[in-house]
K.L.:
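Before we start, here is the structure in question, set down as structure tokens.
Below, all heavy atoms of this structure are taken into account, side chains as well, without hydrogens, waters or symmetry copies. Just so it is clear, the model here is predicted, and its values are computed rather than measured.
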Amino acid sequence: MKCKQATYVLVAAVLVLVLALSTRVYFGFTKESFHVDEGITLALTNGNWAPGMDVVTKDAWISGDVAKDMTFNATIAERGSPDIKAIAISTAHDVHPPLYYWLFGYARTILGVHRSVTAGYVLNLALFMLSCVFFVALVRRIWSDPVIIIAALACFVLSSAAVSLSVFLRMYELLQTVCLGLLLSAHCVLFPSAKAEQSVLSRSLEFWLGLVGLFACALAGFLTQYYFIFFVAPVCAFALVWLLVQKRPGDLFWGIVAVLAAFYLADMIFPPMKAHLTESYRAKQSIQNFASAAKPLTRLGSVLVYIGIISRNLVPLAVLVAGIGLAVWNRIVSAKTIRKEDEARPVSARVLDARYEAGSTALFLFIFLTTFSIIAVSAPYQTVRYVAAFFPVYVLAFTGLMRMVLSSRQARVLVAAAALLIAIHGLQKSNLLDFHEDYTTDTPAYYMTDEHPLIMMGTIGGTWKTPLVYVNIASSKDLYVTGADYGANLSRRLDSIADEIVNAKGGNTVYALVCDYFENKPGWEEIGYYGFYWVFKKSYSQ
């Protein structure tokens with residue numbers, strides 16, 4: 001790439017990234033409602049919570065602010081640093097690895113424990129920028145076309161799913177980063193010196209740096225989220241075939257050593273990992289879903305849902321259909337034109353394309369087909385957050401495919417058109433994803449924020465659901481947290497609590513959130529459903 005052209009690419013990339021960052025900052029700091037998993041993240045990093053626990057004061061009226069502080073802030077503030085061991089134990093109960101929560105805990109102590117949401121956004125934005133570095137480095141190894149580079153980058157950073165991940169306080173942003181880091185490292189090992197002939201020393205240095213990256217990113221991936229396995233597996237499978245065909249058994253050996261050493265060390269750091277992968281309820285659930293997929297029509301609906309997810313949040317189906325149509329047209333009518341265009345390029349460029357672009361595209365497509373298929377037939381929910389971390393590679397697969405089947409000019413137009421449509425969709429706040437596919441909430445949930453008091457009734461045995469309420473309730477809200485047996489007379493219990501607050505403070509309305517685990521509903525007026533709670537209201541005459 002010429003110096004002047006490189007400058008244009010750099011300026012365009014900076015503008016795209018500034019737009020992506022400013023959008024994330026705006027969406028994050030105007031976000032009004034949080035997912036239950038985000039509350040769980042804050043509770044886990046506090047170091048005193050595990051599923052089934054509720055650490056707030058029971059059977060007394062407290063403010064929403066006090067409930068937040070007890071659940072999300074008090075322990076880490078008192079300690080002054082994250083409790084690494086306690087976080088690991090808690091995440092083990094939550095059937096997740098702990099790396100993201102360790103990083104989040106340190107971000108909170110640096111930026112302020114009570115600025116926990118801000119700390120999460122800062123952490124995610126730092127991870128996002130690292131992802132962009134990996135993505136651009138990977139794209140520039142394969143393509144020199146500035147339009148392709150900028151358009152592919154825009155497809156990634158401006159998609160609604162990618163924007164939403166950055167303002168979602170969960171481990172998926174880190175998963176995206178380690179997947180891109182692993183892919184870049186694997187590309188250095190599989191396709192050394194892709195852009196030019198280099199000296200033996202530089203080729204060797206690139207290979208060994210790739211191995212170090214493989215080890216580091218695999219270690220981080222295993223400690224981040226178990227869907228990472230669905231990513232590293234196709235990368236390793238492709239590498240096995242590619243390196244054997246290339247007659248590079250020594251490189252294959254060192255690659256295997258790097259990934260296995262990472263897995264071994266991850267298991268040493270977080271011993272519950274093996275049980276999570278083989279014996280946990282999540283593992284059994286995935287196995288059951290795989291078994292049901294043996295019947296062709298059983299999981300077809302799930303596959304179609306995931307196709308819809310990708311077409312809405314990444315590459316619009318219209319663009320993909322247009323690309324396929326152009327490819328067919330080219331093969332029928334315009335093959336000679338494309339051949340002349342290709343033959344006009346230097347022989348060295350065509351050789352590099354054959355060696356690197358085709359192989360890279362095959363790798364990206366294989367990762368897409370593997371991750372998409374496995375998740376579509378095994379995931380417990382049809383949610384975009386399960387595949388969104390892999391979207392950058394899906395962008396690379398789409399870009400590479402368009403480059404392979406279309407002329408250079410057509411590929412530029414199609415990828416640029418996809419980037420434009422993706423940006424138009426992703427930059428609208430109304431398209432920000434709340435990831436509520438696994439539960440529903442009323443909109444608006446006025447009873448969580450207005451001036452009337454709220455009773456939260458849970459079961460005596462405890463539940464993992466409480467962080468949803470604490471992370472979303474207004475700080476000034478009067479809250480009464482209590483519990484009852486499964487078959488209790490809820491009406492009598494709720495009446496006595498409501499009468500107490502009305503007699504003490506006045507008012508004419510009391511709300512109640514009642515856990516949906518209970519066998520019977522109370523006799524109050526039912527007004528909604530909030531996540532995992534029935535919502536009721538009792539009105540008093542003036």
K.L.:
If you measure from CG on Leu165 to CD on Glu173, what distance do you get to the nearest 0.5 Å?
P.N.:
6.0 Å
K.L.:
Counting C-beta onward and ignoring hydrogens, is there a side-chain heavy-atom pair between Val393 and Cys179 closer than 4.5 Å?
P.N.:
no
K.L.:
Nearest 0.5 angstrom please: Ile422 CD1 to Asn313 CG, how far?
P.N.:
9.5 Å
K.L.:
With rounding to the nearest 0.5 Å, note down the distance linking CE in Met273 to OG in Ser280.
P.N.:
12.5 Å
K.L.:
Residues in ring-ring contact (aromatic ring centres under 6.0 Å, His included) with Phe263, at least two apart?
P.N.:
Phe222
K.L.:
Can you confirm whether or not the ring centre of His96 sits under 6.0 Å from the ring centre of Tyr226?
P.N.:
no
K.L.:
What distance separates Phe27 CZ from Leu433 CG, expressed to the nearest 0.5 Å?
P.N.:
10.5 Å
K.L.:
Restricting to non-hydrogen atoms, name the atom on His276 and the atom on Ala92 that form the minimum distance, rounded to 0.1 Å.
P.N.:
NE2-O, 3.0 Å
K.L.:
Going by side chain to side chain donor-acceptor pair (under 3.5 Å), name the residues that satisfy it together with Asn472, two or more places apart in sequence or in a different chain.
P.N.:
Tyr530
K.L.:
Show your working on side-chain contact (heavy atoms from CB on, under 4.5 Å) between Val481 and Leu479 and close with a plain yes or no.
P.N.:
CA-CA 6 Å; Val481 181; Leu479 177 68; 3.8 Å; yes
K.L.:
How far apart are the C-alpha atoms of Cys132 and Leu17, what are their side-chain angles, what is the distance that settles it, and do they pass the side-chain contact (heavy atoms from CB on, under 4.5 Å) test?
P.N.:
CA-CA 8 Å; Cys132 292; Leu17 290 178; 3.5 Å; yes
K.L.:
I need the minimum non-hydrogen distance between Pro82 and Thr109, along with the two atoms involved.
P.N.:
CD-CG2, 3.5 Å
K.L.:
Looking only at non-hydrogen atoms, find the nearest pair between Leu468 and Gly531 and report the distance.
P.N.:
CD2-CA, 3.7 Å
K.L.:
Is the Phe104-Tyr101 ring centre distance short of 6.0 angstrom?
P.N.:
no
K.L.:
Within the structure provided, determine whether Phe364 and Val395 are in side-chain contact (heavy-atom separation under 4.5 Å).
P.N.:
no
K.L.:
Would the distance check show the side chain of Gln382 and the main-chain N or O of Val305 forming a donor-acceptor pair, the cut-off being under 3.5 Å?
P.N.:
no
K.L.:
Are Phe72 and His114 close enough, and set up right, to give a ring-ring contact (aromatic ring centres under 6.0 Å, His included), and what steps lead you there?
P.N.:
CA-CA 9 Å; Phe72 304 138; His114 290 83; over 10 Å; no
K.L.:
Side chains of Val122 and Leu111: does their closest heavy-atom pair fall under 4.5 Å?
P.N.:
yes
K.L.:
Could you go through Tyr394 and Thr371, starting from their C-alpha distance and side-chain angles, then the distance that decides it, and tell me whether this counts as side chain to side chain donor-acceptor pair (under 3.5 Å)?
P.N.:
CA-CA 10 Å; Tyr394 294 3; Thr371 55; 2.7 Å; yes
K.L.:
Would you find a donor on one side and an acceptor on the other, under 3.5 Å apart, between the side chain of Ser360 and the backbone of Ile142?
P.N.:
no
K.L.:
Show your working on salt bridge (Lys or Arg N to Asp or Glu O under 4.0 Å) between Arg170 and Glu38 and close with a plain yes or no.
P.N.:
CA-CA 6 Å; Arg170 204 62 168 164; Glu38 297 178 279; over 6 Å; no
K.L.:
Decide side-chain contact (heavy atoms from CB on, under 4.5 Å) for Met129 and Val157; before the verdict, give the C-alpha distance in whole Å, the side-chain angles of both, and the deciding distance to 0.1 Å.
P.N.:
CA-CA 10 Å; Met129 291 305 298; Val157 302; over 6 Å; no
K.L.:
Hey, could you give me each pair passing ring-ring contact (aromatic ring centres under 6.0 Å, His included) that has a residue in residues 417-440? Not counting sequence neighbours.
P.N.:
His35-His436, His35-Tyr439, Phe168-Phe435, His436-Tyr439, Tyr439-Phe532
K.L.:
Hey, are the side chains of Lys68 and Ile473 touching, using non-hydrogen atoms and a 4.5 Å cut-off?
P.N.:
yes
K.L.:
Please give me the minimum heavy-atom distance between Ser90 and Ala50, naming the atom from each residue.
P.N.:
OG-CB, 4.4 Å
K.L.:
Is Glu525 atom CD crowded by more than 12 heavy atoms from other residues, nucleotides or ligands, each under 6.0 Å away?
P.N.:
yes
K.L.:
Can you check whether Thr71's main-chain N or O pairs, donor with acceptor, with Asn46's side chain at less than 3.5 Å?
P.N.:
yes
K.L.:
Using modelled atom types only, decide if a donor and an acceptor are shared between the side chain of Lys31 and the backbone of Val167 within a distance under 3.5 Å.
P.N.:
yes
K.L.:
Compare all side-chain heavy atoms of Phe128 with those of Leu21 and state whether any distance is below 4.5 angstrom.
P.N.:
yes
K.L.:
Taking NZ, NE, NH1 and NH2 as the nitrogens, is one of them in Lys465 or Asp54 under 4.0 Å from a carboxylate oxygen of the other?
P.N.:
no
K.L.:
When you measure from the side chain of Tyr529 to the backbone N and O of Val535, does any donor-acceptor pair fall under 3.5 Å?
P.N.:
no
K.L.:
Answer yes or no: does atom OH of Tyr446 have more than 12 heavy-atom neighbours from other residues, nucleotides or ligands under 6.0 Å?
P.N.:
yes
K.L.:
Exactly one of Ile40, Leu42, Asp37 should register a side chain to side chain contact (heavy atoms under 4.5 Å, CB included) with Pro467. Which one does?
P.N.:
Ile40
K.L.:
Does any donor atom in the side chain of Asn520 or Tyr486 lie under 3.5 Å from an acceptor atom in the other side chain?
P.N.:
no
K.L.:
Would you call Lys477 and Asp450 a salt bridge, using N to O less than 4.0 angstrom?
P.N.:
yes
K.L.:
Hey, is the main chain of Ile424 close enough, under 3.5 Å, to the side chain of Gln428 for a donor-acceptor pair?
P.N.:
yes
K.L.:
Roughly how far, to the nearest 0.5 Å, is the SG atom of Cys515 from the OH atom of Tyr533?
P.N.:
6.0 Å
K.L.:
For side chain to side chain donor-acceptor pair (under 3.5 Å), just list the numbers for Arg403 and Thr361, CA-CA rounded to whole Å, side-chain angles, deciding distance to a tenth of an Å, and then say yes or no.
P.N.:
CA-CA 9 Å; Arg403 289 270 303 178; Thr361 301; over 6 Å; no
K.L.:
Using side-chain heavy atoms (C-beta onward) and a distance below 4.5 Å, is Trp524 in contact with Tyr511?
P.N.:
no
K.L.:
In the structure I gave you, are the side-chain heavy atoms of Tyr100 and Asn124 within less than 4.5 Å of one another anywhere?
P.N.:
yes
K.L.:
Say whether, by atom type as modelled, one donor and one acceptor occur between the side chain of Ser373 and the main chain of Thr370 under 3.5 angstrom.
P.N.:
no
K.L.:
Determine yes or no for a side-chain-to-main-chain donor-acceptor pair under 3.5 angstrom, with Arg108 supplying the side chain and Ser116 the backbone.
P.N.:
no
K.L.:
I'd like to know whether Arg282 forms a salt bridge (Lys or Arg N to Asp or Glu O under 4.0 Å) with Asp94, so could you lay out the CA-CA distance, the side-chain angles of the two residues, the decisive distance to 0.1 Å, and finally the verdict.
P.N.:
CA-CA 10 Å; Arg282 286 296 193 197; Asp94 199 36; over 6 Å; no
K.L.:
Do the numbers put Lys521 on top of the ring of Trp534, so that NZ or CZ is under 6.0 Å from the six-membered ring centre and no more than 45° off the axis?
P.N.:
yes
K.L.:
Does NZ belonging to Lys274 count more than 12 external heavy atoms closer than 6.0 Å?
P.N.:
no
K.L.:
Taking C-beta and beyond as the side chain, do Trp49 and Thr75 meet within less than 4.5 Å on heavy atoms?
P.N.:
no
K.L.:
Do the two ring centres, one from Tyr227 and one from Phe390, sit under 6.0 Å apart?
P.N.:
no
K.L.:
Flag yes if more than 12 heavy atoms outside Lys284 fall under 6.0 Å of its NZ atom; otherwise flag no.
P.N.:
no
K.L.:
Between atom CG of Asp83 and atom CH2 of Trp102, what is the distance when rounded to the nearest 0.5 Å?
P.N.:
11.0 Å
K.L.:
So Tyr306 and Phe372, would you call those rings parallel, tilted or perpendicular, with 30° and 60° as cut-offs?
P.N.:
perpendicular
